[in-house]
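Throughout, a chain's letter reflects where its sequence line sits, starting with A, and its residues are numbered from 1. Owing to the predicted nature of the structure, the values given are computational and were not obtained by experimental measurement.
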There are 2 protein chains.
Amino acid sequence: MKSTKQSAVTAQDVADLAGVSRAAVSRTFTKNGSVSTETREKVEKAAAQLGYQINFLAQGLNRKRSMLIGVVVARLSDPFRSQLLEGLLNEIQARGYQALVTEVGNAEELEATIRRFTQFRVSGVIVTSGQPPIDLIKECIHFNIPVVGINRYAAIPNVDFVCSDNVTGAQLAAQQLIKSGCKSIGWLNYQYSTWGGITRGEAFSQVLQATEPWCYQQLVTICAQEDGYEGGRKAAHEMHKNGLKVDGIYCANALLACGFLDGMREHGMDAPNDFHIIGFDDTPQTAQYSYRLSTIRQDVIETAKRALWCLESRAQDASLLQRLEVVPVSLVLRNTSPESSYSVTQLKDK
Amino acid sequence: MKSTKQSAVTAQDVADLAGVSRAAVSRTFTKNGSVSTETREKVEKAAAQLGYQINFLAQGLNRKRSMLIGVVVARLSDPFRSQLLEGLLNEIQARGYQALVTEVGNAEELEATIRRFTQFRVSGVIVTSGQPPIDLIKECIHFNIPVVGINRYAAIPNVDFVCSDNVTGAQLAAQQLIKSGCKSIGWLNYQYSTWGGITRGEAFSQVLQATEPWCYQQLVTICAQEDGYEGGRKAAHEMHKNGLKVDGIYCANALLACGFLDGMREHGMDAPNDFHIIGFDDTPQTAQYSYRLSTIRQDVIETAKRALWCLESRAQDASLLQRLEVVPVSLVLRNTSPESSYSVTQLKDK
DNA sequence: TTTAAAAATGAACACGTGTTCACTGTTTTG
DNA sequence: CAAAACAGTGAACACGTGTTCATTTTTAAA
């Protein structure tokens with residue numbers, strides 16, 4: 001393990017020590033060429049002795065593709081977002097890639113970001129926030145870089161999308177609220193919401209219209225001024241000020257739901273006694289005792305798996321038709337919209 | 001904007017179009033060489049016309065250093081961790097670097113991770129989780145890669161550390177609990193805690209011993225079986241089962257505090273009426289209405305700034321002595337340990 | 001045993017950039 | 001005005017790898 005050499009140990013050093021050509025070293029570490037077991041062993045021994053490791057920059061320069069995958073994120077303070085990132089990191093690393101993570105605020109930032117991704121010759125791009133700008137995408141497919149968007153959709157050829165099953169989610173939520181006897185139902189979203197939030201609202205509205213027309217007639221759509229916990233809380237305050245009442249409410253995401261619930265509590269009303277509430281995402285926070293929020297659960301692990309599957313399959317064949325992967329969701333019943341009214345009573349007695 | 005060329009546009013293409021040598025192009029895009037304004041303009045015009053962008057892999061290969069900074073994270077489901085990552089990403093991007101993020105579970109994973117970082121010739125490594133293995137660090141300083149650890153410390157030469165002021169935090173917390181009239185004080189941490197958690201506990205203990213010996217005498221140290229919300233909750237259950245009582249408690253992090261508070265609530269006890277509680281971190285969740293937890297606030301932005309300052313200064317001069325940056329903390333008073341008992345009463349009357 | 005096929009090997013090239021070095025033309029200095 | 005200092009330029013090299021292409025060695029078939 002002598003490391004007297006000033007610079008890094010290169011494949012040539014390994015070749016010299018093993019008494020073979022540098023090409024043999026290269027072939028040993030790539031599944032490409034064919035090497036005799038004898039030389040392979042010699043090379044591996046020499047490499048271990050010198051502590052040789054491939055220079056990924058040189059490798060990427062040669063192959064015109066690095067072992068990097070670019071990930072665009074935003075608002076990591078939202079627990080669901082960081083949960084999703086965690087899932088993506090795991091999948092990326094499990095396949096031997098490295099994640100190039102960029103947080104992005106507005107559209108032009110996203111453009112500069114994707115441009116940097118191409119400069120690193122990434123093997124794929126995952127966009128979890130913002131709409132991939134079409135001209136940038138063209139640049140990506142020019143470099144043969146697969147792109148996948150999560151929880152959004154746009155009719156961009158050669159770009160795959162994977163998103164949760166918002167329609168089934170809406171069905172489950174509507175069904176549950178109706179079954180619980182809710183009469184005046186509300187839908188809570190925020191201004192300038194994401195594609196996912198808007199889609200969930202549309203699906204919820206359509207489901208109600210199709211199955212419970214009288215509920216659909218008086219469906220209350222609440223639009224918070226901002227996203228997140230504070231948005232939900234202020235929406236509740238606003239609603240209370242206007243004297244508006246609902247007894248069942250479905251929310252575009254978990255933070256909005258928690259905020260709305262707390263906002264109502266500030267006015268002395270709580271679920272499930274005064275109203276029922278169902279959120280989206282199912283972050284760890286929604287399961288905590290102070291909330292015990294019923295939610296539509298998104299499967300971040302499955303989402304991450306499918307995203308990487310899209311990237312890998314498209315890396316094989318870039319001419320594939322656009323795919324839209326719909327990830328199943330499930331309804332998690334907790335305190336804010338319990339299984340049945342019986343269990344509520346039991347809980348209150350206890 | 002003709003892009004009929006199959007491969008990427010290279011500096012040679014720009015040089016050909018501008019009628020200059022490729023060296024001139026290179027000099028135009030690096031602050032290194034000297035170029036006449038005339039040729040610079042010609043080059044920039046040609047570059048814009050062709051949509052030229054530097055190949056970072058080739059650049060990194062040549063400079064033996066890429067525009068990447070490796071970041072080691074763990075347990076992003078902890079809001080404080082993702083908050084810290086968010087701060088780091090912002091600082092990294094603001095300086096023109098890109099973040100190579102890796103989530104890591106155990107020690108040998110961390111080793112493989114740092115090894116991959118060196119393979120990409122990163123400009124720096126930020127470790128927010130786990131103890132940097134010494135032999136790997138040697139490899140880093142051999143490549144002249146600066147390393148900085150966050151919220152931990154070890155006597156490793158050439159490695160800087162930046163962590164929050166746990167001593168002042170302990171003083172503020174102790175002072176506040178004493179001032180509020182707490183008699184039997186507790187300290188909550190979890191088994192196999194981080195360096196930060198342990199240090200906070202030691203500091204709290206020492207502060208009590210120095211300033212309030214009678215409180216130190218009966219200081220109750222609670223050790224949860226696991227980290228996070230569930231750890232804190234179960235610790236509260238356990239404490240209740242054992243008939244143990246405290247009226248003031250200081251917690252190693254925010255999730256433990258929230259969990260403990262909820263665990264106590266499950267037994268009908270709540271802050272600030274039955275006990276006072278002060279957490280650590282000050283994540284968004286602790287500010288929410290259902291918790292309104294008083295906490296010692298960590299300044300993630302300042303932490304991130306100093307971490308990158310350490311990296312950049314050590315990149316300039318690798319022989320600098322080891323530095324330990326202590327980031328100021330502050331006490332945020334909320335409901336679970338209010339300003340004064342008067343305000344509590346007011347709040348209860350209201 | 002002879003011949004054809006297959007496997008293994010090393011030399012050479014390509015990837016795209018930064019930087020040194022020698023050289024030319026221009027400006028400043030004494 | 002001569003000499004010296006200086007900004008600008010292009011040719012050439014280095015960075016470390018993957019891969020092609022002849023060439024040699026080994027194996028399989030006849």
Side-chain angles (χ1 to χ4, degrees), chain A residues 5-44 46-47 50-68 116 118-123 143-144, chain B residues 5-44 46-47 50-68 116 118-123 143-144:
Chain A
K5 254 180 77 67
Q6 184 60 22
S7 69
V9 33
T10 168
Q12 186 64 58
D13 302 334
V14 179
D16 293 348
L17 181 61
V20 296
S21 79
R22 194 183 57 75
V25 178
S26 179
R27 276 190 273 260
T28 302
F29 289 103
T30 60
K31 53 193 167 194
N32 196 316
S34 79
V35 200
S36 71
T37 51
E38 186 189 8
T39 50
R40 171 181 294 274
E41 282 170 0
K42 279 196 294 186
V43 167
E44 283 175 343
L50 266 56
Y52 168 72
Q53 345 173 167
I54 295 179
N55 182 326
F56 281 162
L57 298 176
Q59 183 186 68
L61 174 61
N62 189 304
R63 290 187 171 166
K64 301 174 188 302
R65 195 153 318 286
S66 66
M67 290 303 278
L68 296 172
R116 279 195 296 270
T118 66
Q119 293 187 265
F120 275 109
R121 301 290 188 270
V122 296
S123 293
F143 281 122
N144 210 14
Chain B
K5 254 181 78 66
Q6 184 59 22
S7 68
V9 35
T10 168
Q12 186 64 59
D13 303 334
V14 178
D16 293 348
L17 180 61
V20 296
S21 79
R22 194 183 57 73
V25 178
S26 178
R27 277 190 272 258
T28 303
F29 289 104
T30 60
K31 53 192 166 193
N32 196 317
S34 78
V35 199
S36 72
T37 50
E38 186 189 8
T39 49
R40 170 181 295 274
E41 281 170 1
K42 279 196 294 185
V43 168
E44 282 175 344
L50 265 56
Y52 168 71
Q53 345 174 166
I54 295 179
N55 182 327
F56 281 162
L57 298 176
Q59 182 186 69
L61 174 61
N62 186 302
R63 288 185 172 169
K64 301 175 187 301
R65 194 152 321 284
S66 67
M67 290 303 278
L68 296 172
R116 279 197 296 272
T118 67
Q119 294 186 265
F120 275 109
R121 301 290 187 270
V122 297
S123 292
F143 280 123
N144 209 14

query = If each of A/T39 and B/R63 is mapped to the nucleotide of DNA chain C with the nearest heavy atom, which maps nearer the 5' terminus, i.e. the 5' end?
reply =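 Checking each residue's closest nucleotide, the 5'-ward one belongs to A/T39.
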What heavy-atom pair brings [X] and [Y] nearest, and what distance separates the two atoms?
X      : Y      : answer
B/S66  : B/F120 : OG-O, 2.9 Å
B/L57  : B/N55  : N-OD1, 2.8 Å
B/V122 : B/R65  : O-NH1, 3.7 Å
A/V35  : A/T28  : CG2-N, 4.1 Å
A/A46  : A/A18  : CB-CB, 3.9 Å
B/Y52  : B/V9   : CD1-O, 3.5 Å

Roughly how many Å is it from [atom1] in [X] to [atom2] in [N], rounded to a whole number?
X     : N      : atom1 : atom2 : value
B/Q12 : D/dG10 : CD    : P     : 11 Å
B/R27 : C/dT20 : CZ    : P     : 11 Å
B/M67 : C/dG18 : CE    : P     : 12 Å
B/N55 : D/dT17 : CG    : P     : 17 Å
B/K31 : C/dT19 : NZ    : C1'   : 16 Å
B/K64 : D/dT17 : NZ    : P     : 11 Å
A/L61 : C/dT17 : CG    : C1'   : 8 Å
B/K42 : D/dG8  : NZ    : C1'   : 12 Å

What is the nucleic acid contact for [X], judged by heavy atoms within less than 4.0 Å: base, sugar-phosphate only, or nothing?
X     : value
B/S36 : sugar-phosphate
B/A11 : sugar-phosphate
A/T30 : sugar-phosphate
B/I54 : sugar-phosphate

query = Which residue, A/F29 or B/R22, contacts DNA chain D at a nucleotide closer to its 5' end, judged by nearest heavy atom?
reply =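 Its nucleotide being nearer the 5' end, the pick is B/R22.
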Side chain of [X], heavy atoms from C-beta onward: which of [options] has the nearest atom to it?
X     : options                : value
A/Y52 : D/dG16, D/dT17, D/dT9  : D/dT17
B/S34 : C/dG10, D/dG10, D/dT9  : D/dT9
B/A58 : D/dG18, C/dG16, C/dG10 : C/dG16
B/N62 : D/dT9, D/dG16, C/dT17  : C/dT17
B/A23 : D/dG18, C/dT17, C/dT19 : C/dT19
B/Q59 : C/dG18, D/dG10, D/dG18 : C/dG18

ask   = Within less than 4.0 Å of OP1 or OP2 of D/dT17, is there a side-chain N or O belonging to A/T10?
value =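 Checking A/T10 against D/dT17: at least one side-chain N or O falls below 4.0 Å of OP1 or OP2.
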